[in-house]
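Numbers here simply count residues along the sequence, with the first being 1. Hydrogens, waters and symmetry mates are skipped; everything else that's a heavy atom, side chains included, is used. Being a predicted model, the structure only gives us computed values, none of them experimental.
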Amino acid sequence: MHRPRTLGLRIIRGAASLRDGKRTLIHVAAAGLLVLGAAACGEDGSEAATAATVTTAAYAETEATIHYESAAATTYAAAQAATTTAAAAMLEEAAMEAAGNYRAAPIATTTDAAFIAPDPSATTFRDYQQSQFVPTSEDRTSTFSLDTDLTSFQLALNWARQGYQVDPDSVRAEEWINAFSYEYEHPRHLDSFAIVTDLVRHPLDGRKHLARIGFQAPELRDDRPLNVTLVLDASGSMQEGNRVAIAREAAESIRLGLRSRDRIAVVHFTEHVIDGLTVGHLSPDDREVRDSIRRLTPNGSTNVQAGLDEGVRLADRVRRQRPDAYNYIILMSDGVANVDATDPFAILESSYDADSGNPLRLITIGVGISNYNDYLLEQLAQYGNGWYRYLSDTDQARSTFSRDSWLALSVPFADQTRAQVTWNDRVVSSWRMIGYENRITSDASFVEDRKEFAEIPAGAATTVFYELELRDWARQGPARTVELADVDLRWVTPVSGMSSRQSTTLSLRPDVEFQAADPLLQFGAVVALASDRYASLPYVEADAGSVGSDLWALTDRLQPLDNHLGGLDSFNDFAFVLDHIAAYVPTTSKDSSGYSR
């Protein structure tokens with residue numbers, strides 16, 4: 001069911017409280033009365049419609065907690081009493097949606113484009129060129145670094161919850177895809193990945209197919225000690241919102257999750273390193289460490305280079321003292337570097353780590369909405385042999401760096417991990433990878449052990465989707481298994497430094513209908529396509545209206561999955577974000593004056 005758009009009004013869902021069976025719902029009945037008033041003013045009711053929409057948005061501030069069934073009954077009654085056919089139909093649709101609502105948004109918010117706030121100020125993202133379909137006659141091989149980051153989706157979720165537009169440049173489809181668990185089976189052997197492959201008909205274009213390849217690392221237990229260096233941004237921009245509280249909570253959670261034989265250091269930086277708060281590597285329970293974390297206070301400018309240089313110096317010293325330990329540098333910041341080097345590659349060059357055998361792994365933790373540099377933090381982690389996370393509140397800081405979560409993330413299974421997919425040109429006529437634009441590498445680099453290739457923690461999974469055009473005989477012929485591609489993996493085993501390799505062949509049936517596939521596969525496909533389509537905005541060859549149509553079609557594909565996945569917070573969070581971005585599709589207007597700018 002498509003959402004009502006008539007008169008610019010959008011009936012929206014409120015927050016769900018699954019614990020007590022009640023849901024916070026905006027008074028759709030009252031909104032309906034406003035619609036009736038607008039309709040009574042004329043056939044198009046434009047002026048009254050505007051007033052109705054504005055009043056509805058204001059009225060959302062007085063939402064009441066009631067049972068959905070009661071809200072549905074009230075709204076349906078209002079629809080039955082309506083004297084204007086168009087308004088009645090609109091309210092009846094809203095009533096039906098309230099009664100049979102397949103899930104609710106996690107936080108009440110308006111998603112009408114008129115009430116979505118513009119992007120937060122001073123945010124920095126990189127618009128990576130979106131990949132296009134590649135004929136196999138020109139290139140059969142796709143080579144890329146595996147990725148387990150999920151930050152892009154967490155950013156979008158936080159923006160949507162705060163009522164902001166989601167910047168298309170902030171959307172990296174691979175991070176949306178990998179933000180969710182698809183419950184892959186673990187490998188039988190602890191020295192290799194489990195590779196999961198699927199092929200289904202495309203949910204948006206029946207002439208195409210979607211291929212999914214999942215790489216599941218084994219669970220490992222590793223008792224090697226850890227050397228952790230916290231690099232904390234104490235600049236003035238960190239005073240915005242609750243950034244300092246989030247950073248403190250994350251730092252304290254990391255400290256509490258460490259064991260007695262682990263070591264932790266703390267560096268505070270503004271335009272320079274704050275020597276009085278810098279603590280060398282000590283036991284996690286040491287009072288100096290606890291006090292240093294507690295005393296994080298924002299002031300001054302932001303010199304990320306100075307903070308990381310000091311962090312690398314301390315980390316390198318303890319690495320030589322304790323060569324049997326894993327080494328992590330954790331930068332917590334809003335990423336707004338404005339003193340000395342401000343480019344991620346210049347910063348990394350300044351703090352270069354030449355020891356690839358026992359590397360310093362750089363983890364970046366982003367906090368904040370406005371005045372935030374996603375590009376800097378993402379690139380520092382990618383080329384610093386680590387990973388990137390975004391924290392929106394103190395609860396998330398605690399859960400991300402709880403003892404179990406932190407120790408799981410701190411055990412690497414594979415380093416410098418990359419994959420190569422070689423398509424069978426007798427079966428596949430063209431292919432297109434969804435996302436991974438800044439992780440795609442040259443085919444020749446596949447045989448090289450390179451630092452910027454991804455580190456995969458034990459137990460982590462990486463998923464990639466491809467859009468495919470098959471040859472007519474494979475697409476329309478009798479149902480049978482076809483050999484689509486060969487998949488090769490290469491990685492370096494941490495500690496030993498040994499290179500490893502694994503291969504498999506994708507042999508799959510092309511006649512599997514989308515709706516017959518596993519619900520988690522369908523969910524992942526919707527996530528992949530929605531993030532990919534939205535990330536293409538605003539500069540797309542097709543008009544923005546076609547992107548909007550795809551997003552609404554994907555919401556329809558998502559609805560039946562509620563029966564299987566509706567109890568998962570992750571499913572509800574994504575459904576909320578999808579509604580949010582589908583309701584506002586940013587466009588760019590072309591200058592038709594004929595003058596140059």
- Please list, chain by chain and in numerical order, all residues satisfying ring-ring contact (aromatic ring centres under 6.0 Å, His included) with Phe153, sequence neighbours excluded. Trp176, Phe180

- Note on the structure: The single option from Asn373, Thr151, Asn438 that satisfies side chain to side chain donor-acceptor pair (under 3.5 Å) with Glu378 is Asn438

- Query: If only atom types and distance count, is the side chain of His580 paired as donor or acceptor with the main-chain N or O of Ala156 below 3.5 Å?
  - Reply: no

- Pair His268-Ser292, side-chain donor/acceptor within less than 3.5 Å: yes

- Message: Run Leu308 and Leu380 through side-chain contact (heavy atoms from CB on, under 4.5 Å) and show every step you take.
- Response: CA-CA 10 Å; Leu308 277 181; Leu380 285 175; 4.3 Å; yes

- So, Arg320 and Asp316, do they make that salt bridge, N to O below 4.0 Å? yes

- Do Arg221 and Asp223 sit within salt-bridge range, that is, some charged N less than 4.0 Å from a carboxylate O? yes

- Message: Apply side-chain contact (heavy atoms from CB on, under 4.5 Å) to residues Leu150 and Arg389 and explain how you reach the verdict.
- Response: CA-CA 7 Å; Leu150 48 82; Arg389 291 291 187 272; 3.9 Å; yes

- Query: Is there a donor-acceptor contact under 3.5 Å from the side chain of Asn303 to the main chain of Ala306?
  - Reply: yes

- Task: Give every residue pair that meets the ring pair (Phe, Tyr, Trp, His ring centres under 6.0 Å) criterion with at least one member in residues 277-330, sequence neighbours excluded.
- Result: Tyr328-Trp406

- Task: Going by the side-chain contact (heavy atoms from CB on, under 4.5 Å) test, name the single residue among Ile365, Ile347, Val304 that passes it with Leu331.
- Result: Val304

- Message: Does either side chain, that of Gln239 or that of Asn299, offer a donor lying less than 3.5 Å from an acceptor on the other one?
- Response: no

- Message: Distance alone, cut at 3.5 Å: any donor-acceptor contact between the side chains of Ser283 and Asp285?
- Response: no

- Message: Can you tell me if Arg290 has over 12 outside heavy atoms packed within less than 6.0 Å of its CZ?
- Response: yes

- Would you kindly say whether Tyr390 and Asp374 are connected by a side-chain donor-acceptor distance under 3.5 Å? no

- Query: How long is the gap from CG on Asp573 to CG on Asn158, to the nearest 0.5 Å?
  - Reply: 11.0 Å

- Look at the side chain of Arg259 and the backbone N and O of Gly257, then say whether any donor-acceptor pair between them is shorter than 3.5 Å. no

- Using a strict cut-off of less than 4.0 Å between a Lys/Arg side-chain nitrogen and an Asp/Glu carboxylate oxygen, indicate whether Arg243 and Asp334 qualify as a salt bridge. yes

- Out of Glu252, Arg248, Glu249, which one pairs with Thr394 under the side-chain contact (heavy atoms from CB on, under 4.5 Å) rule? Glu249

- Task: Verify, without hydrogens or angle tests, whether Thr417 (side chain) and Ala454 (backbone) share a donor-acceptor contact under 3.5 angstrom.
- Result: yes

- Query: How would you list, by chain and number, every residue that makes a salt bridge (charged side-chain N to carboxylate O under 4.0 Å, His left out) with Arg294, sequence neighbours excluded?
  - Reply: Asp291

- Atom CD of Glu219 with >12 non-hydrogen neighbours under 6.0 angstrom: yes

- Query: Is a side-chain N or O of Ser531 found less than 3.5 angstrom from the main chain of Val527, in a donor-acceptor match?
  - Reply: yes

- Query: For Ser399 and Ser402, does a side-chain donor sit closer than 3.5 Å to a side-chain acceptor?
  - Reply: no

- Report yes or no: do Arg319 and Asn327 form a side-chain donor-acceptor pair below 3.5 Å? no

- Message: To the nearest 0.5 Å, what is the distance between CZ on Arg322 and CG on Leu226?
- Response: 8.5 Å

- Item | Distance-only side-chain donor-acceptor flag, Gln130 / Asp532, under 3.5 Å | yes

- Message: Pairing donors with acceptors under 3.5 angstrom, does anything connect the side chains of Gln396 and Ser392?
- Response: yes

- Message: Tell me if a side-chain donor or acceptor on Ser152 pairs with a main-chain N or O of Ser170 at a distance below 3.5 Å.
- Response: yes

- Check whether any side-chain N or O of Thr364 sits under 3.5 Å from a backbone N or O of Leu377 as a donor-acceptor pair, and report yes or no. yes

- Modelled atom types, side-chain donor and acceptor of Gln321 and Asn227, under 3.5 Å: no

- dist Leu391:CG -> Thr400:OG1 (nearest 0.5 Å) comes out at 5.0 Å

- Keeping the roles fixed (side chain from Glu174, backbone from Gly435), state whether a donor-acceptor pair exists under 3.5 Å. no

- Starting from the C-alpha separation in whole Å, work towards a yes-or-no answer on side-chain contact (heavy atoms from CB on, under 4.5 Å) for Val367 and Met238. CA-CA 8 Å; Val367 293; Met238 289 289 288; 3.8 Å; yes

- Query: Which distance, rounded to the nearest 0.5 Å, do you find between the CZ of Phe269 and the CD of Glu310?
  - Reply: 12.0 Å

- Message: Side chains of Thr463 and Tyr184 only: does a donor on one sit below 3.5 Å from an acceptor on the other?
- Response: yes

- Message: Under the criterion side-chain contact (heavy atoms from CB on, under 4.5 Å), I'd like the reasoning laid out for Arg439 against Arg172: C-alpha separation, chi angles, the key distance, then a yes or no.
- Response: CA-CA 11 Å; Arg439 272 101 177 162; Arg172 294 182 288 274; 4.0 Å; yes

- Message: Is it the case that the side chain of Gln216 and the backbone of Gly459 share a donor-acceptor pair, with hydrogens and angles ignored and the cut-off at 3.5 Å?
- Response: yes

- Message: Would you compute the distance between atom CD1 of Ile363 and atom CD1 of Ile254 and round it to the nearest 0.5 angstrom?
- Response: 7.5 Å

